[in-house]
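Working notes for the structure below.
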Number of protein chains: 2
Amino acid sequence: MNRVIIEAMITMSDVARRAGVSRSTVSHVLSEHQGETVRIPDATRQRVLEAAREMGYRPNALARSVRSGKTRMIGYLVDEPRYEPYWNIMVGALEAADELGFTLKILSVSHPTLADRVRQCTELRLSGIIARLAGSKRLLFEEANHAQIPVVTVDEGIPQLFGTRITSDDALGIGYVLDHLTHFGHRKIGFISSGFPRLNPVRKDPGDIGTAREELFRQEMAARGLPLPEGYVTHDTVMVFGCKAEVTIDSSSAQAATNALLHHPQGRPTAIVCWRDETALLAIQECHRQGLRVPEDISLVGFSDISAARLCDPPLSTVKTPWEAMGRLAIQELVQRVDSNFDPAPTTHLVPTTFITRATSGPAPRIKNSRR
Amino acid sequence: MNRVIIEAMITMSDVARRAGVSRSTVSHVLSEHQGETVRIPDATRQRVLEAAREMGYRPNALARSVRSGKTRMIGYLVDEPRYEPYWNIMVGALEAADELGFTLKILSVSHPTLADRVRQCTELRLSGIIARLAGSKRLLFEEANHAQIPVVTVDEGIPQLFGTRITSDDALGIGYVLDHLTHFGHRKIGFISSGFPRLNPVRKDPGDIGTAREELFRQEMAARGLPLPEGYVTHDTVMVFGCKAEVTIDSSSAQAATNALLHHPQGRPTAIVCWRDETALLAIQECHRQGLRVPEDISLVGFSDISAARLCDPPLSTVKTPWEAMGRLAIQELVQRVDSNFDPAPTTHLVPTTFITRATSGPAPRIKNSRR
DNA sequence: CTGAAAGCGCTTACAG
DNA sequence: CTGAAAGCGCTTACAG
């Protein structure tokens, strides 16, 4: 351990004094683009370097940022920090930020605090913002545009007026799922959708990803000429808002949604597609409880590929959303905008999804009570 | 949207000019502790406030920090950002930081970059550091002590020379597990431990949490007078280090570890305790593959309570580590130190664990091939 | 090559 | 009550 007791942080002036040169010289030697503008003779440079090392000098990144007006710090605004995919986005973002010399700050935002949070972003002089936010982003864009901070939204269902939007190609995913299931002979396919719109019939969030997938499912079923009887789409209940911005998985509602499908008057579907993995896993529990084997009696498919999908038994067949890649892309887009002129014009990146065949999907059984 | 085109960020001088007062006055009105030292008459105050609002003024938090020397920004150093529990720690830390007016920065650190990362922490003038790091933390403490930055380590197996250490009370957890299992009549209990020491026999990390739990298990078994035949402790293989700091779950090694237990010459254990949930879940897959029912034929217990534990079927009985609470506590400890004199003296907080009885553990079966 | 000076945006004694 | 001045730690034209 260094035995020198340091009272306060060593500054550039201290180093200058020790090396017997001016602050300017120290700055030139220690600056990023050393030698680009001015050249310092090696003797002086060494003296400065050594003094800095001896004193354990650490440049003050904040002071630098104040001077340059650039923080190279990017904010990640998340409304549901507990949700695994949003963490995966962050992991990707973190990696990319590291590589590009940026740092990442996490700001958790529940709906009531959105205004404060975006304000905080500009006070922090963030170089860019990644937003994973349900609901209206008007406040965010107002503030960010005013402060000329580029923003990219991730996992956002609908196009927006400003900024870069990075979203997964769920239509592709749904297509894969239906190809897979029809290949296995399934024709009676149910869907468990997100219950969000029912919870909040007034403030309907058009960006609700569960409902978006439900729409896609309906379209793709129709496109394939597959029947979709009334009641073949049910809903679980997910709390997405609230002070603590928690994702509560209400198992009883997923259970009810599954049951409605299993006891459908026209006979149960031979396969159920769920708007996300958590729901699918809960649905499987319910199927087991009813004595149904997965996938022999019924196939189940999820969406996202959360870690549990791989760990469960049987492991879940699911659409893989490339969360980390989306996070990486978000950073790349942002960084690219940082050094160019601010331009809030909207663009969209559709990131391809893939389908992972694991063990919860298989050949359609012959249903005895089928009316076909 | 605000229709005024802003060229650059509005500064305090701009507001002062608009309000017809000096910068000092603006500062006084807008500062945190307004009115504590000086009192500004309401008329002036209103003028300033209105000017600031009209112009969309946002104080520069960086400049403030340079001045005050305090950033109220805490860094979270994680070596395996992909691992769910470390994300949970962050969620807790984030909440607590918000409440206390601090912000959180995430720094991912793979082993080779540790030096750079800790240096970055001091250059950023972080107010504190939360470290979730395997291996030696010498570099970290050298740097942090020099810069007088308080650090708390989380989920660190062994006591250290400096800083606050927050760790879960695994002894308690193991105790619960064995109480539970013996209550159900189990006496032949196996353990799957972390394979880390085997991977890295040279740089043995004494903080390896899997091995620590194994030790605890051995002690508690002995304390209860339960036999632990040679070979009743096996190991999976977890890659914890490497450039990308990934936690790779090598299912084949967990499989092998399970198999070794199932085919033990003295008969298989009636219960297996695993050093973490992922391993337990993988072990269950293997048991199923061998035609064993869980928990009728064999009980399985994990450690951590990751989200998959609840989602799987049967849901996993496990020791719950209070990750979020640990993150919260880390922040609280740090914040408390920020405004007091720097003191690196070591302290330890042992956070209690609990046991969650779910469906993978039950009464011990009568083993036919048992030699008892 | 190197230093004195001005400046980044803020705050805080210190006069008036 | 309010402003001029000095200062936080840094950088960057600008002289010499």
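Just so it is clear, the model here is predicted, and its values are computed rather than measured. In what follows, chains are A, B, ... by sequence order, proteins preceding strands, each numbered from 1.
Counting only heavy atoms from C-beta on, B/T25 has its side chain closest to D/dG3 among C/dC10, D/dG3, C/dG3. Nearest nucleotide to the side chain of B/S24, out of D/dA4, C/dG3, D/dC10: D/dA4. Set against C/dT11, D/dT11, D/dC1, the side chain of B/P41 has D/dC1 as its closest nucleotide. Here the nucleotide nearest the side chain of B/Y57, chosen from D/dG9, C/dT12, C/dC10, is C/dC10. Distances were taken from every side-chain heavy atom of B/N60 (C-beta onward) to each of C/dT11, C/dG9, D/dG9; the shortest belongs to C/dG9. When each of D/dT12, D/dG9, C/dC10 is scored by its nearest atom to the side-chain atoms of B/R23, the top-ranked nucleotide is C/dC10. Comparing atom distances between the A/R64 side chain and each of C/dC10, D/dG9, D/dT11 picks out D/dT11 as nearest. Of the candidate nucleotides C/dG9, D/dC10, D/dT2, D/dT2 has the atom nearest to the side chain of B/T44. Relative to the side chain of B/P59, the nucleotides D/dT12, C/dG9, C/dC10 differ in distance, and C/dC10 lies closest.
Using a 4.0 Å heavy-atom distance criterion, B/T11 is classed as a sugar-phosphate-only contact.
Rounded to whole Å, atom P of D/dA4 lies 14 Å from atom NE2 of B/H28. The nearest whole Å value for the distance from the CG atom in A/L62 to the P atom in C/dC10 is 14 Å. Residue A/R47 contributes atom CZ, which lies 12 Å from atom C1' of C/dC1 at whole-angstrom precision. At whole-Å resolution of the value, CZ in A/R17 and P in D/dG9 are 11 Å apart. Here the C1' atom of nucleotide D/dC10 and the CG atom of A/L30 are 11 Å apart, to the nearest Å. Note: NZ (A/K70) to P (D/dT11) measures 17 Å, nearest angstrom. A/I40 places its CD1 atom 13 Å from the P atom of D/dT11, with the value rounded to the nearest Å.
In this structure a side-chain-to-backbone donor-acceptor pair under 3.5 Å is missing from B/R82 to A/V91.
Both B/R67 and B/V21 lie near DNA chain D, and the one whose nearest nucleotide falls closer to the 5' end is B/V21. Mapping B/R125 and B/S22 onto DNA chain D by nearest heavy atom places B/S22 at the nucleotide closer to the 5' end.
Partners of B/R165 by salt bridge (charged side-chain N to carboxylate O under 4.0 Å, His left out), not counting sequence neighbours: none found.
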Dot-bracket for DNA chain C, please, read 5' to 3', with Watson-Crick or G-U wobble pairs under 3.5 Å on both distances, ( ) within the strand, [ ] crossing, | other strand, . unpaired. |||.||||||||.|||
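In this model, a donor atom of one side chain and an acceptor atom of the other lie less than 3.5 Å apart for B/K105 and A/T103. Between B/T71 and B/S65, the side chains place no donor N or O within less than 3.5 Å of an acceptor N or O (distance only, hydrogens not considered). In summary, the side chains of A/E95 and B/S108 do not present any donor paired with an acceptor at a separation below 3.5 Å, with no hydrogens or angles considered. Side-chain contact, A/R45 with A/T25: no donor N or O sits under 3.5 Å from an acceptor N or O.
Taking the charged nitrogens against the carboxylate oxygens, B/R132 and B/D79 do have a contact shorter than 4.0 Å, which makes a salt bridge. Note on A/R64 versus B/E123: no salt bridge recorded, every NZ/NE/NH1/NH2 to OD/OE distance being 4.0 Å or above.
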